[in-house]
There are 2 protein chains.
Amino acid sequence: MRSRRPTMVDVAREAGVGLKTVSRVVNGESGVSPELVDRVFQAVAKLGFRRNAMARDLRAGRSTASVGLVIEDLGNPFYSSVARGVEQLTRDRDFVLMTASSEEDPERERGLVLELCQRRVEGMIIVPTALDHSFLQAEIEMGLQVVFLDRPATGLIADTVLVDNLGGAIAATDYLLDRGHHRIAVLGHEAKVWTMRQRLAGFRSALARAGVPYPEDLVCLGPLTPADAAAATAQLLDGGDPPTAFFACNNRMTVGVLAELQRRGGAADVSGFDDIETAGLFAQPLALVSYDAAEAGRRAAQLLLERLDGRRTPQQVVIPTTLVRYGSETAGRRAPATGAGARTPGPRAARASTRAGSGSGAGG
Amino acid sequence: MRSRRPTMVDVAREAGVGLKTVSRVVNGESGVSPELVDRVFQAVAKLGFRRNAMARDLRAGRSTASVGLVIEDLGNPFYSSVARGVEQLTRDRDFVLMTASSEEDPERERGLVLELCQRRVEGMIIVPTALDHSFLQAEIEMGLQVVFLDRPATGLIADTVLVDNLGGAIAATDYLLDRGHHRIAVLGHEAKVWTMRQRLAGFRSALARAGVPYPEDLVCLGPLTPADAAAATAQLLDGGDPPTAFFACNNRMTVGVLAELQRRGGAADVSGFDDIETAGLFAQPLALVSYDAAEAGRRAAQLLLERLDGRRTPQQVVIPTTLVRYGSETAGRRAPATGAGARTPGPRAARASTRAGSGSGAGG
DNA sequence: GTGAAAGCGCTAACAC
DNA sequence: GTGTTAGCGCTTTCAC
């Protein structure tokens, strides 16, 4: 029993009123007699009428009350937190979220962006993978609003939300330096990724300030998965003059390093970028650069909404990071007896902000 | 410099051809002379024309080549994996994914579903929170295709993808029973949630089969966050005749239980529903009911696509679970020396499937 | 091969 | 207060 979707004309006929009256009632406009309002609602309910948003938006000459979110991978906890944050702000304005994963493929990213343009989204939040986003300039001139997240766009001036990569990496490196390490290995993604370059720069900067030479032989860029990182860790440890500590540039690297250390019963100190929800339960103590991913999403959404409301001067927001130490020196020996040990929920063990405020100002 | 978005009419004028010719070229139809094709493409590029999908779909009388995904919380790892799985299949058909979080609020869920109906999505994948979905019947009769995920819908016959809750819970309980426990505590969400009832039923069933009495005083339903679960764990442990083991009905419960045990240096055995990515790095050994959330999303998307292609007989798919043991008895004492210990990436320590196949068949 | 006209379902402007 | 008309940007007849 597959019936056709009723239109306003159908409703008008059913209610015995004119088309415009139905439109008025459905849109909650005033100036319709209570009796007709009732008849229209009755007909709407009887026919199961749902106003066609396509026709409505088309006629009104506007976009589709929706925002596009182009990220690397929806399945990654960082991005899903971001998506959640974005959603929290956009849902209040009755925007629909169209999510798409670029999979770090510039071509795919471009395709998704243009696809969303064709769907006439009002705005987009993009985690840029492509090296050049000037192709968006034309869309922007035609009314598309864009906010970049996690990395700045190249070839384009636009609102941007970034994480304090430099400060976080410095804090993570200082943590290891403070514990007396001079041979610190670094594991990270390819250096072509902007965030990775920033984090590496922070690492170098912290070493330089401490007068510790940059360990060329301990810098391992390329691994993608935890398994890759574990293998790389093994190789580093098996080399001559092995590292005594590790700086993992993202959560996947951290997990890989820890897994290999645990497998060996090794005791290297570890710090890493990106927080891990369950780090308080780990056998090994470590320090992680933490930041609020959902907040990054919320800020991006906020910037986008402001733009849709008319703001035109580009802004940049930097999300602050915090170094969180998980587990104590004694942790791992079947949980500490004191309350000062690792714990996942509740207050964190030790925090040190790498940035004072949430720094927002004109940029570009 | 905010210019108006060009339409096909603009392109036609620019190229000096008729409207229909532009339409033909833009849609890759044959039967246009190469010369005109070229002129049209030139004009398209010059003006930055992007075909308006709203107008196109409206005129064609079809839906918007999009699927809606209504889940509980995009930020939850389980749901973001599901979303990723859905996306993997739908992107190939050039569908756009509209994601929305119901936040376990039946009213909100209903609102989101109807909103997506107004947007004329072709189909929806819903994790049902509401108790009654018969209101969807009308939409379905008007062409909407629906697949339910994680829980069956009530008051409605439709395609459904479920996890083997019963089998998983039995396996998790058996694990604890096999280790000699008779006083097993259960922590879980409210029993009004279908999955929770299933998991509890599995727990009861395993106990009954082992001749162990159901421990009324150790069943704690209600906690939502890890902190709630930790507090509940503390209360259970501080009571008279405390439990010697815990069955945590979801990942948040598991984390809470472990956190409290770790804080106390306690040694209770733990098993839990839902896998945790980093469980191999935990100080405490445990067993987790694991299943492929992304696969659940893919299967749901597959069912939806089949429906869009014309299938009409309702189907049900059950995603199998596996009990994964993390860490050995010696784990936690600063990592085991042998390779048999916990490790996160790579092959899992010990698996025992709770279901033979991926069971798919007619249902409803 | 190509283009003019009609119309998808709705809203905006105007008459009644 | 209410209904009629036109038209959003596109596709679909159907002439030429």
Side-chain angles (χ1 to χ4, degrees), chain A residues 3-41 43-44 47-65 115 117-122 142-143, chain B residues 3-41 43-44 47-65 115 117-122 139 142-144:
Chain A
S3 48
R4 194 178 54 83
R5 270 202 184 275
T7 71
M8 280 195 180
V9 175
D10 299 321
V11 175
R13 194 183 309 121
E14 175 73 28
V17 299
L19 171 60
K20 180 61 197 174
T21 301
V22 176
S23 175
R24 274 196 261 262
V25 172
V26 167
N27 290 304
E29 288 170 30
S30 59
V32 182
S33 74
E35 191 204 318
L36 286 198
V37 170
D38 202 57
R39 288 220 318 255
V40 169
F41 275 136
V44 164
L47 299 179
F49 169 79
R50 306 263 173 256
R51 181 181 57 195
N52 186 326
M54 277 189 270
R56 173 182 164 86
D57 291 336
L58 177 61
R59 174 61 242 241
R62 69 189 133 181
S63 319
T64 56
E115 171 75 37
C117 281
Q118 292 197 166
R119 307 249 182 179
R120 297 294 189 266
V121 297
E122 292 206 13
M142 287 187 270
Chain B
S3 48
R4 194 177 56 82
R5 267 199 184 277
T7 71
M8 280 194 180
V9 176
D10 299 320
V11 175
R13 195 183 308 120
E14 174 73 27
V17 299
L19 172 59
K20 179 60 197 174
T21 300
V22 176
S23 175
R24 275 198 259 263
V25 172
V26 167
N27 291 302
E29 288 170 30
S30 58
V32 182
S33 72
E35 192 202 318
L36 287 197
V37 171
D38 201 56
R39 290 224 312 262
V40 169
F41 275 136
V44 164
L47 299 179
F49 170 78
R50 305 261 173 259
R51 182 181 56 196
N52 186 324
M54 278 189 270
R56 173 182 163 85
D57 291 336
L58 176 61
R59 174 61 243 239
R62 68 188 133 182
S63 318
T64 57
E115 171 76 38
C117 282
Q118 293 197 165
R119 307 251 181 176
R120 298 294 190 267
V121 296
E122 292 207 13
E139 308 301 327
M142 288 188 270
L144 179 71

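All chains are named by letter (A, B, ...) in the order of the sequence lines, taking the proteins before the strands, and each is independently numbered beginning at 1. Note that the structure is predicted; figures quoted are calculated from it, not measured.
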Return the value, rounded to whole Å, for the distance between atom [atom1] of [X] and atom [atom2] of [N].
X: B:Asn52; N: C:dG9; atom1: CG; atom2: C1'; answer: 14 Å
X: A:Met8; N: D:dT5; atom1: CE; atom2: P; answer: 18 Å
X: A:Arg39; N: D:dT2; atom1: CZ; atom2: C1'; answer: 12 Å
X: B:Arg50; N: D:dC10; atom1: CZ; atom2: C1'; answer: 17 Å
X: A:Leu19; N: C:dG9; atom1: CG; atom2: P; answer: 12 Å
X: A:Arg56; N: D:dC10; atom1: CZ; atom2: C1'; answer: 20 Å
X: A:Met54; N: D:dG9; atom1: CE; atom2: P; answer: 16 Å
X: A:Leu58; N: C:dA12; atom1: CG; atom2: C1'; answer: 13 Å

Which residues within residues 26-36 of chain A lie with some heavy atom under 4.0 Å of an atom in DNA chain D?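 Output list: A:Gly31, A:Val32, A:Ser33, A:Leu36.
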Within the structure, does a side-chain N or O atom of A:Ser23 lie under 4.0 Å from either OP1 or OP2 of C:dT11?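 Yes.
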Please determine whether a side-chain nitrogen or oxygen atom of A:Thr21 lies at a distance below 4.0 Å from atom OP1 or OP2 of D:dT2.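 Checking A:Thr21 against D:dT2: no side-chain N or O falls below 4.0 Å of OP1 or OP2.
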Residue A:Lys20, side-chain heavy atoms: nucleotide from D:dC10, C:dG9, C:dA12 that is nearest: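 That would be C:dA12.
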How would you label the contact of B:Val17 with the nucleic acid (heavy atoms, under 4.0 Å): base, sugar-phosphate, or nothing?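 Answer is sugar-phosphate: B:Val17 comes under 4.0 Å of backbone atoms only.
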Which is true for A:Arg24 with a 4.0 Å heavy-atom rule: it touches a base, it touches only sugar-phosphate, or it touches nothing?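 Base contact - A:Arg24 has a heavy atom under 4.0 Å of at least one base atom.
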Please step through salt bridge (Lys or Arg N to Asp or Glu O under 4.0 Å) for the pair B:Asp10 and B:Arg5, ending with a clear verdict. CA-CA 9 Å; B:Asp10 299 320; B:Arg5 267 199 184 277; over 6 Å; no
Could you go through A:Glu14 and A:Arg39, starting from their C-alpha distance and side-chain angles, then the distance that decides it, and tell me whether this counts as salt bridge (Lys or Arg N to Asp or Glu O under 4.0 Å)? CA-CA 9 Å; A:Glu14 175 73 28; A:Arg39 288 220 318 255; over 6 Å; no
Looking at every heavy atom in both B:Asp57 and B:Ser63, which two are closest together, and how far apart are they?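 The answer is CG-O, 3.7 Å.
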Kindly indicate whether the side chain of A:Arg5 and the base of C:dG9 share any N or O donor-acceptor pair separated by less than 3.5 Å?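 No, the side chain and the base share no sub-3.5 Å donor-acceptor pair.
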Decide yes or no, distance alone: a donor-acceptor N/O pair under 3.5 angstrom between the base of C:dG7 and the side-chain of B:Arg59.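 Donor-acceptor pair under 3.5 Å: yes.
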Roughly how far, to the nearest 0.5 Å, is CZ of B:Arg59 from CE of A:Met54?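 Here the rounded value is 13.0 Å.
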Can you spot which of B:Val25, B:Val11, B:Val32, B:Leu36 makes a side chain to side chain contact (heavy atoms under 4.5 Å, CB included) with B:Val17?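 Among B:Val25, B:Val11, B:Val32, B:Leu36, the one meeting side chain to side chain contact (heavy atoms under 4.5 Å, CB included) with B:Val17 is B:Leu36.
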Side-chain touch A:Arg50/B:Glu139, heavy atoms, less than 4.5 angstrom: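 With C-beta onward as the side chain, the pair touches.
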Side chain to side chain, B:Asn52 and A:Arg120, heavy atoms closer than 4.5 Å: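 With C-beta onward as the side chain, the pair touches.
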